[in-house]
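Below is one structure, written out as structure tokens, with a few remarks after it.
For the numbers below, each heavy atom of this structure counts, side chains included, while hydrogens, waters and symmetry mates do not.
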Amino acid sequence: MKGKHSKNRVNPKAVGALAGLALAGVVATTAHASVQSSEPGSADRAAAASTLSAKESAKKPDSTKSDTGKSDTGREADGARDDRSDVITRAKTWDPHTDRRVPYSQTDYHDGYRTDCSGYVAMALDLPKPGPNTVGLTASRYTERIKMSELKKGDLVMDAEGTNTTRHVVIFEKWADEDRTSYWAYEQRGRYGTDHRTRDYGLSSGSEYTAYRPKKL
């Protein structure tokens, strides 16, 4: 038994030798790394790699926008601007000031809307068919009063006083001159039909015409 145990004993000298070799390896590795980090230009190369990585990240597309620059919702940042343009686009579908314009009538319909001034406005604003009359358009559920100086594309200028033969409403498009003495408007006018022309309703003192802003704009 004594002889068997003697064969499995580890020589202390051998253990010391192995530990020395391991320590030498660690020292050599550390020294090599230190030499590499101190090589000329190593800091510059690291900085260049960091800059390249940042540039590559900047090139990545924004997942919240489409190719057109719109967000994933498909709307411009200023949604009201789109809605205002839509009002004018729909107003043009009745072919104003052309031979294809929709004739004026307070009893006829076109695509479900009355072919009078308020029916035309209701269509342009995409309100439920056949649309409210001029008095109805002044209700708070549809519009709110604004100053003439605040008019923007798609707003309305209305005279809701009097009878169905004197009341009228037009769609404001833009000012016709820098002095704001008139503006371009879309309207469905009597004895003619859908028109696009300059108007000055509401600009003179004492005028019964007043500016209104559709609630949806």
Side-chain angles (χ1 to χ4, degrees), residues 76 78-98 100-217:
E76 298 285 354
D78 186 355
R81 188 184 305 170
D82 276 350
D83 291 340
R84 291 182 180 281
S85 296
D86 288 344
V87 171
I88 301 303
T89 297
R90 284 189 290 267
K92 292 178 179 179
T93 62
W94 281 21
D95 299 312
H97 207 67
T98 71
R100 299 183 303 278
R101 64 185 181 273
V102 176
Y104 179 93
S105 174
Q106 293 186 0
T107 57
D108 291 339
Y109 296 83
H110 183 74
D111 292 336
Y113 291 98
R114 289 188 321 279
T115 56
D116 57 8
C117 61
S118 55
Y120 176 58
V121 168
M123 179 278 299
L125 294 178
D126 198 27
L127 298 180
K129 301 174 182 180
N133 61 17
T134 306
V135 176
L137 284 172
T138 65
S140 59
R141 63 179 296 191
Y142 295 122
T143 60
E144 61 182 352
R145 288 276 296 271
I146 61 173
K147 298 177 181 178
M148 290 294 291
S149 60
E150 298 175 327
L151 282 168
K152 295 181 180 180
K153 178 171 58 178
D155 288 335
L156 310 178
V157 180
M158 285 192 281
D159 173 10
E161 303 296 327
T163 68
N164 63 332
T165 60
T166 62
R167 296 190 294 261
H168 194 46
V169 55
V170 302
I171 302 170
F172 178 89
E173 182 191 21
K174 60 184 178 181
W175 294 103
D177 54 72
E178 293 183 358
D179 295 331
R180 296 189 173 188
T181 60
S182 64
Y183 52 86
W184 284 94
Y186 289 89
E187 64 178 327
Q188 187 74 359
R189 63 184 178 92
R191 298 186 298 277
Y192 181 80
T194 320
D195 206 358
H196 180 224
R197 57 178 180 164
T198 57
R199 297 283 82 197
D200 60 1
Y201 300 145
L203 297 178
S204 60
S205 177
S207 174
E208 294 183 349
Y209 282 87
T210 308
Y212 287 83
R213 175 152 297 158
K215 283 295 185 68
K216 65 188 307 179
L217 301 183

Hey, does the side chain of [X] reach the backbone of [Y] with a donor-acceptor pair shorter than 3.5 angstrom?
| X | Y | answer |
| --- | --- | --- |
| Lys215 | Ser140 | yes |
| Arg114 | Pro132 | yes |
| Arg167 | Val135 | no |
| Ser207 | Leu203 | no |
| Gln188 | Thr194 | yes |
| Arg180 | Trp175 | no |
| Arg213 | Asp155 | no |
| Gln106 | Asn164 | yes |
| Thr115 | Ser105 | yes |
| Asp179 | Thr181 | no |

In terms of the angle between their ring planes, are [X] and [Y] parallel, tilted or perpendicular, with boundaries placed at 30° and 60°?
| X | Y | result |
| --- | --- | --- |
| Trp94 | Tyr120 | tilted |
| Tyr183 | Phe172 | tilted |
| His196 | Trp184 | tilted |

If I compare all heavy atoms of [X] with all of [Y], which pair ends up nearest, and what's the gap?
| X | Y | result |
| --- | --- | --- |
| Ile171 | Gly154 | CG2-CA, 4.2 Å |
| Tyr113 | Pro130 | CD2-O, 3.5 Å |
| Ala122 | Gly131 | CB-CA, 3.6 Å |
| Leu151 | Ala211 | CD2-CB, 3.7 Å |
| Thr134 | Asp159 | CG2-O, 3.8 Å |
| Gly136 | Tyr142 | O-CD1, 3.2 Å |

side-chain contact (heavy atoms from CB on, under 4.5 Å) evaluation trace for Leu156 with Leu125: CA-CA 10 Å; Leu156 310 178; Leu125 294 178; 4.2 Å; yes
For the [atom1] atom of [X] and the [atom2] atom of [Y], what is their distance to the nearest 0.5 Å?
| X | Y | atom1 | atom2 | value |
| --- | --- | --- | --- | --- |
| Arg101 | Asp195 | CZ | CG | 7.5 Å |
| Asp116 | Tyr109 | CG | OH | 8.5 Å |
| Thr138 | Arg145 | OG1 | CZ | 9.5 Å |

Pairwise side-chain contact, [X] with [Y], heavy-atom cut-off 4.5 Å (strictly under):
| X | Y | value |
| --- | --- | --- |
| Leu137 | Tyr212 | no |
| Tyr209 | Met148 | no |
| Arg199 | Val157 | no |
| Asp95 | Val102 | no |
| Met123 | His110 | no |

Steps toward side-chain contact (heavy atoms from CB on, under 4.5 Å) verdict (Tyr186, Glu173): CA-CA 7 Å; Tyr186 289 89; Glu173 182 191 21; 3.8 Å; yes
Lys152, NZ atom: more than 12 neighbouring heavy atoms under 6.0 Å: no
Glu144, CD atom: more than 12 neighbouring heavy atoms under 6.0 Å: yes
Worked check of side-chain contact (heavy atoms from CB on, under 4.5 Å) between Ser85 and Lys153: CA-CA 7 Å; Ser85 296; Lys153 178 171 58 178; 3.2 Å; yes
Stepwise side-chain contact (heavy atoms from CB on, under 4.5 Å) test for Met158 and Thr143: CA-CA 11 Å; Met158 285 192 281; Thr143 60; 4.3 Å; yes
